[in-house]
Amino acid sequence: MTKKHLSKGLALCMLIGMLVLESCSKKEDAFANRKVSFNSDWSFHLNDSIIDKDTIGTSTKWSTLNVPHDWSIEGKFDEKSPAGYGGGSLNGGLGWYKKTFKVAAEDSTKVTSITFDGVYKNSEVWVNGHFLGKRPNGYIGFQYDMSKYLNYGDKNNEIIVKVDNSKQPNSRWYSGSGIFRNVWIETTDKLHVTQYGTYVTTPKVTTEKASVNIETTIQNQYAASKKATVITTIFKEDTKVTSVTQNITIAANGNQIIKQQTEVETPILWSVEKPEQYTAVTEISIDDKIVDQYKTNFGIRDFKFDLNKGFILNGKQVKIKGVCLHHDLGPLGAAINTRAIARQLEIMKEMGVNGIRTSHNPPAPELLDLCDKMGFIVMDEAFDMWKQNKTKYDYANDWDKWHKTDLIDQLLRDRNHPSIFVWSIGNEIPEQWNEKGVEIAKELAAITRQYDKTRPLTAAMNPPVNMNIDAVTLQFEKNNVSINPLAGSGVLDLIGYNYAHQTYEHHQKNFPNTPFIATETTSGLQTRGYYDAVSDTIKKWPVRWDLKFTEGNPDNTVSAYDQVQTPWGSTHEATWKVIKKHDFLSGMYIWTGFDYIGEPTPYEWPSVSSYFGVVDLAGFPKDVYYMYQSEWTDKTVLHLFPHWNWKAGQNVDVWAYYNNADEVELFLNGKSVGKRSKKGDDLHVMWRIPFQPGTLKAISRKNGKTVLEKEIKTAGNPASLKLTADRSTIQADGNDLSFVTVDILDKDGTLAPKANNEINFSLKGKGKIVGVCSGDPVSHESFKGSKHTALNGKCLVVIQSGETSGRLELTAKANGLKPSTIVITAE
Ligand code: GAL
């Protein structure tokens, strides 16, 4: 609950004077500090020469910063980086963080813990010289009880965190380095709900009634047994819905799981369109005094994966139209920022996406909170490898010691999220091909089912069945199997397909007893705003680069018609055409929603970021975004491309994505060049016409009436810059962001589609420029500078507020172009 939320609750308590809510004000005040941010004012030092916490001397140079922090994104792209181009050619290293803090004297009788939501990677933590623990996995949260090592009152405490990301490569994509997620201090009574201590399920859901089961783990850290009352109250917004009370006696230094049951009448169900949530508030009282309060958001929904009808949510068939996302936030790197995640999800929603796969690791908790609130069907994934490495220093080296703990913590952390519908125990795990893998899968499945039986589990297999494609057949032959052993093992609740869309229609025959999910599809490749293989350069079209990519471009561009595909993948259209055809195909997760840093397939250096996104690294949609929008939303769409700046007389293929119309007519300089209608399962229409400068205009019509019109004009030379902010008012909280798009225009205001001017930014006011990005996978300019070269007419600059309100005035300048200024208000 937000503060705003709580004060509304307070007002309501006073107004209706309900008994349970009467103590709200006391409750809220008393527990406002249960979990507080511990992000600000850390000291940081990046130096491989310090290897031991005791050698950190006063002479060591420290910089001051706030976390979440990713030091790799601040470095230079490096062709020789041990991370490789897969890791984004950005370096890891060994980083040290420390922070001095005081703890109030009255907290000496309480439990004080520190929680890290994620530190990449191999973190070790000390407080006042005492070792608290080590955590190799960079993507999972962990908590340490610091109570017995703390100084209370006026005396300082010091926490030191060592982060070791020096052994490279350890990832197939850009991981980032450092304390890249939030840090919290949690202070509780010695009798308290444990970390991730509640589990709320709704085993029976009808429109009239939902049963709610609440399991609460309570820990008694007193040296005496305690008698207490546990009340769980369920709220819808600020209104109390129901509550359930239980008296307990809990042994000294003991743990107890309390099981409570209640019902919600006429529940308001969580759905993709209306992601309605409830809150369970757990209160523990000793002698009528509330000693702990803990909140759990949950949703009431009923779902299943059906063999014939696919995914059914609250009785309705819902096709999963999902995307896979890695965790980096483009120019912000891997340091999480809630607004940056929200913006990514908003851009996805606008495209019609209703599902997110957290490839290939547990995401930041904030992503899941946002998915709960915004309505996404999440596949929460645990691992990209098990025992067998994919890169030399990856998590496989920690597997034996840590996989069980990491998986359990993920399940405990995430199992109340209404947005999560599927657990994935792994992505393209090398052991999928043998019996050893099946054994590991059995173990992981048993753990998963022990902690949550309400969701199916899958694994992303490449692919589950053999098919007549060289690379795939080879895989099966190499492993001497005719069916993927993991897929055939019966361990999985859903058969998870990575690619292999050619086999989807045979799924029911191949796996008659297990429903379908396409865990990963497509892997199309595009550079935003770049087009080739137009018809007079037919030699390149369709581009096939599975044969060593000999037809790649010397400047590492990839054409943004939906025509370039990986050998294991498909065009965007090809996979969606199959998925949309059959109900039993529950849905798909496209690789990927956004471009990400690293894995610049099909190229290597100098490319440093991916080409897979439907949206580029800066957040600008590629054309195929509108194909999905025309298919996945009710929004009326007419999208025309490419740009209209070509050589005179050259033949150009013009594509249009449209919906809610039965034809599109194209005009060149006022003259019709023909009407087109989609036939059969077509997802676009096309005209091949000789270029002539001027205006290209498309009109979509239904029953002869105009639905939409779109124009593209030949642009003249770049003449001016235009700034547009996604939000012109942001919060003055030191975190909030405004994403400002720079368009390079000609003298008449038409986007200059090939402009690549270098743009300089300056900001007046209490805020800072925290990211610049053009979406160009080949750019080696820093994302953290104040200048950047545009790609195909566009660039992005990200502004972060300070902690004081006021005007932030951003100016963009480029040689020879009219500058532009925009004001953002922080309040
Ligand atoms: C898949 C893999 C992804 C990514 C993708 C690129 O096989 O699961 O992580 O590497 O290929 O096409």
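Worth saying up front: this structure is predicted, and the values here are computed from it rather than measured. Numbering starts at 1 and runs along the sequence shown.
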With heavy-atom distances below 4.5 Å as the criterion, would you say the side chains of [X] and [Y] are in contact?
X	Y	answer
W184	Q143	no
V103	N157	yes
S175	F180	no
N156	N151	no
V281	Y294	no
R34	D292	yes
D595	S609	no
L345	F376	yes

Take a 6.0 Å sphere around [atom1] of [X] and say whether it holds more than 12 heavy atoms from other residues, nucleotides or ligands.
X	atom1	value
K766	NZ	no
K35	NZ	yes
K349	NZ	yes

Hey, what do you get for [atom1] ([X]) to [atom2] ([Y]), rounding to the nearest 0.5 Å?
X	Y	atom1	atom2	answer
L763	S786	CG	OG	10.5 Å
S177	N91	OG	CG	8.5 Å
F101	M146	CZ	CE	4.0 Å
S123	I179	OG	CD1	8.0 Å

Answer yes when [X] and [Y] have at least one side-chain N-carboxylate O distance shorter than 4.0 Å, and no when they do not.
X	Y	answer
E124	K162	yes
E158	K99	no
K401	D398	no
R357	D380	no
D726	R339	yes
R727	D736	yes

In W173, F383, Y139, the residue satisfying ring-ring contact (aromatic ring centres under 6.0 Å, His included) with H360 is W173

Exactly one of W62, Y97, W96 clears ring-ring contact (aromatic ring centres under 6.0 Å, His included) with F44, and that residue is Y97

Parallel, tilted or perpendicular for H69 and W71, by the 30°/60° rule? tilted

Worksheet item: For the residue pair F783 and H788, does the interplanar ring angle fall in the parallel (under 30°), tilted (30 to 60°) or perpendicular (over 60°) class?
Response: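 Rings of F783 and H788: parallel, as their planes differ by under 30°.
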
For [X], what residues pass the salt bridge (charged side-chain N to carboxylate O under 4.0 Å, His left out) criterion, not counting sequence neighbours?
X	answer
E758	none
D372	none
D414	none

Inset, instruction - Please test E186 against T115 for side-chain hydrogen bond (donor to acceptor under 3.5 Å, both in side chains), starting from the C-alpha separation and ending with a verdict. - result: CA-CA 7 Å; E186 297 191 43; T115 305; 2.9 Å; yes

Practice task
For D409 and R135, run salt bridge (Lys or Arg N to Asp or Glu O under 4.0 Å): C-alpha distance rounded to whole Å, both residues' side-chain angles, the deciding distance at 0.1 Å, then the answer.
Solution key: CA-CA 12 Å; D409 280 355; R135 194 71 173 216; 2.9 Å; yes

Going by atom types alone, do [X] and [Y] pair a side-chain donor with an acceptor below 3.5 Å?
X	Y	value
D189	Q221	no
N137	D406	yes
T811	T821	yes

Point to revise | Between F594 and Y596, ring centroids under 6.0 Å | key: no

task = Report the C-alpha separation of E781 and T789 in whole Å, then their side-chain angles, then the decisive distance to 0.1 Å, and conclude whether the side-chain hydrogen bond (donor to acceptor under 3.5 Å, both in side chains) test is met.
result = CA-CA 8 Å; E781 292 166 289; T789 304; 2.8 Å; yes

Subject >> Name of the residue among T282, T216, T296 meeting side chain to side chain donor-acceptor pair (under 3.5 Å) with T198 >> reply: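 Result: among T282, T216, T296, T296 is the only option passing the side chain to side chain donor-acceptor pair (under 3.5 Å) with T198.
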
task: Using the side chain to side chain donor-acceptor pair (under 3.5 Å) rule, pick out the option among D164, N361, N170 that qualifies with Y120.
output: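 The side chain to side chain donor-acceptor pair (under 3.5 Å) with Y120 is passed solely by N170 among D164, N361, N170.
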
Within 45 degrees of the axis of the six-membered ring of [Y] and under 6.0 Å from its centre: does [X] put its NZ or CZ there?
X	Y	value
R343	F739	yes
K102	Y152	no
R415	Y199	yes

Nearest heavy-atom approach of I759 to A812 is CG2-CB, 3.9 Å

